[in-house]
A.B. asks: 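The structure's right below; bear with me while I get my questions together.
Index from 1, following the sequence. Computation of the quantities below employed the complete heavy-atom set of this structure, encompassing side-chain atoms and omitting hydrogens, waters and symmetry-equivalent molecules.
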Amino acid sequence: MKKKSPIHVCLFPAAGYGTRFLPATKSMPKEMLPVLTKPLIQYGVEEAMEAGMNTMAIVTGRGKRAIEDHFDISYELEHQIKGTSKEKMLADIRHIIDKCTFSYTRQKEMKGLGHAILTGKPLVSYQPFAVILADDLCVNEGEGVLSQMVKLYEKYQCSIVAIEEIDPQQTDRYGVIAGVEIEPGIYRVSTMVEKPAPADAPTNLAIIGRYILTPDIFDILRTTQPGKGGEIQITDALMAQALAGNVIACKFQGKRYDCGSIDGYVEATVELYQQSLKN
Ligand code: G1P
């Protein structure tokens, strides 16, 4: 039996176009791009399950139906390969389908990550929840990144973001935090800025695509004005919580691959392949 988690729901914003992978993403969701044999979003769902969650809330958009089909039974296919050596290739996804509930809503317009999260509110209801951005693929030999964050949530009872040190020249790709280190690698956040130019960045501590959010974030998001790029930014909404001391940032154990970029995607593929040869 999986450990009991205080967080049950994991939200996956998955409405983005994935233009960096065109033409592959012309008719296929970027979240379905495979690393080895598994689509990116399945890695995310497995990480959420490992952290004790069983309700997956997915914010989709036009052209994303393959995600729904992936997390559903395919009777015809299963019938075809029953009793063959291929059957075991569906064992993991079948386990996920059996253990989890999936719900979907569509984000009709692309108005930013904060807007996508607010769109998911009807699927989450008023409780703390996790967010995974599936194109940040995280791996760790020990417990997963989200599991590490759930532990911190249990301790601090506030929103938690995962961070890593980045090349200071790349701050304009990330939300960047500053704060007071209260335990090794754990910060109480005082400042958050969305994609600052290197000269304006308070630190080189960048938020990666893992969050645990307390539900008051929805109230904040409802009145958050468009920020960087004219979009409603989760970083800006979190800043309101941070001003009250209610955001913790954690340098996680493990490795993140930015599978939203070709470089990161290829790196993930090569490293996970090398790893698979050892197993
Ligand atoms: C989003 C967030 C950003 C965060 C990043 C992590 O940006 O807005 O704060 O650092 O995810 O991957 P995006 O990559 O969607 O532009």
Side-chain angles (χ1 to χ4, degrees), residues 13 20 35 40 43-44 47-48 50-51 112-114 117 130-153 155-156 158-213 227-229 233-243 245-272 274-275:
R20 272 186 276 180
V35 171
L40 283 170
Y43 287 94
E47 187 183 328
E50 193 249 348
L113 180 56
I117 291 171
V131 176
I132 287 185
L133 306 183
D135 49 15
D136 274 340
L137 171 56
C138 293
V139 294
N140 188 32
E141 279 180 15
E143 37 172 31
V145 176
L146 214 49
S147 273
Q148 298 168 37
M149 294 168 74
V150 167
K151 282 203 177 134
L152 285 174
Y153 173 78
K155 183 165 180 185
Y156 292 103
C158 67
S159 288
I160 315 285
V161 297
I163 52 166
E164 69 178 25
E165 283 185 37
I166 53 152
D167 172 352
Q169 292 312 310
Q170 298 189 345
T171 54
D172 57 1
R173 300 185 191 177
Y174 298 93
V176 175
I177 69 116
V180 180
E181 193 167 10
I182 51 176
E183 292 180 47
I186 311 294
Y187 298 76
R188 194 170 291 279
V189 176
S190 54
T191 305
M192 308 182 79
V193 198
E194 180 66 9
K195 303 194 172 99
D200 303 327
T203 67
N204 68 335
L205 297 174
I207 304 168
I208 62 120
R210 298 291 182 278
Y211 304 79
I212 288 176
L213 302 173
K228 194 88 188 179
Q233 301 294 350
I234 190 64
T235 306
D236 295 341
L238 278 164
M239 181 62 196
Q241 291 186 334
L243 287 174
N246 288 331
V247 181
I248 296 290
C250 97
K251 278 188 186 163
F252 58 93
Q253 305 292 316
K255 177 154 187 184
R256 173 196 68 118
Y257 298 97
D258 174 11
C259 291
S261 75
I262 309 280
D263 286 355
Y265 180 75
V266 172
E267 189 188 357
T269 303
V270 170
E271 291 194 1
L272 269 63
Q274 283 163 347
Q275 196 59 43

A.B. asks: If every non-hydrogen atom of C138 is compared with every non-hydrogen atom of I208, which pair is closest and at what distance?
C.D. replies: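 Where C138 meets I208 most closely, the heavy atoms are SG-CD1, 3.8 Å.
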A.B. asks: With a cut-off of 6.0 Å (strictly less than), are more than 12 heavy atoms of other residues, nucleotides or ligands near CD of E181?
C.D. replies: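 More than 12 within 6.0 Å, yes.
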A.B. asks: Within this structure, what is the CD-CE distance for the pair E47 and M149, rounded to the nearest 0.5 Å?
C.D. replies: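 The CD atom of E47 sits 9.0 Å away from the CE atom of M149.
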A.B. asks: Measure across V247 and A242 and return the closest heavy-atom pair with its distance rounded to 0.1 Å.
C.D. replies: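 Of all heavy-atom pairs spanning V247 and A242, the closest is CG2-N, 3.5 Å.
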A.B. asks: Please list, chain by chain and in numerical order, all residues satisfying side chain to side chain donor-acceptor pair (under 3.5 Å) with Q274, sequence neighbours excluded.
C.D. replies: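 Checked Q274 against side chain to side chain donor-acceptor pair (under 3.5 Å); zero matches.
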A.B. asks: For E164, check salt bridge (Lys or Arg N to Asp or Glu O under 4.0 Å) against everything at least two apart and list the hits.
C.D. replies: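 Partners of E164 under the salt bridge (Lys or Arg N to Asp or Glu O under 4.0 Å) test: R256.
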A.B. asks: If you look at every heavy atom in I132 and R210, which pair is closest and at what distance?
C.D. replies: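 For I132 and R210, the tightest heavy-atom pair comes out as CG2-NH1, 3.6 Å.
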A.B. asks: I need the minimum non-hydrogen distance between C250 and L152, along with the two atoms involved.
C.D. replies: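 Reported closest heavy-atom pair: CB-CD1, 3.3 Å.
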A.B. asks: Distance-only check: which donor-acceptor pairs under 3.5 Å involve side-chain atoms of residues 258-267, not counting sequence neighbours?
C.D. replies:
unit_1: D258; atom_1: OD1; unit_2: G260; atom_2: N; d: 3.0
unit_1: S261; atom_1: OG; unit_2: D258; atom_2: O; d: 3.0
unit_1: S261; atom_1: OG; unit_2: G264; atom_2: N; d: 3.1
unit_1: Y265; atom_1: OH; unit_2: P34; atom_2: O; d: 2.4
unit_1: E267; atom_1: OE2; unit_2: K255; atom_2: NZ; d: 2.9

A.B. asks: For Y187, enumerate each residue passing the ring pair (Phe, Tyr, Trp, His ring centres under 6.0 Å) test, keeping only those at least two apart in sequence or located in another chain.
C.D. replies: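 Testing Y187 for ring pair (Phe, Tyr, Trp, His ring centres under 6.0 Å), a comparison that skips the adjacent residues, returns none.
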A.B. asks: Using modelled atom types and a 3.5 Å cut-off, is there a donor and acceptor pairing between side-chain atoms of Q253 and backbone atoms of N140?
C.D. replies: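 No, Q253 side chain to N140 backbone: no donor-acceptor pair under 3.5 Å.
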A.B. asks: Enumerate the residue pairs fulfilling side chain to side chain donor-acceptor pair (under 3.5 Å) with a member in residues 190-201, sequence neighbours excluded, ordered by first and then second residue.
C.D. replies: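 Non-adjacent pairs meeting side chain to side chain donor-acceptor pair (under 3.5 Å): E194-T235.
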A.B. asks: Test of understanding: with salt bridge (Lys or Arg N to Asp or Glu O under 4.0 Å), list the residues that count as partners of D236, not counting sequence neighbours.
C.D. replies: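 By the salt bridge (Lys or Arg N to Asp or Glu O under 4.0 Å) rule, D236 matches no residue at all.
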A.B. asks: How long is the straight-line distance from OH of Y156 back to CD1 of I248, given to the nearest 0.5 Å?
C.D. replies: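 Here the rounded value is 5.5 Å.
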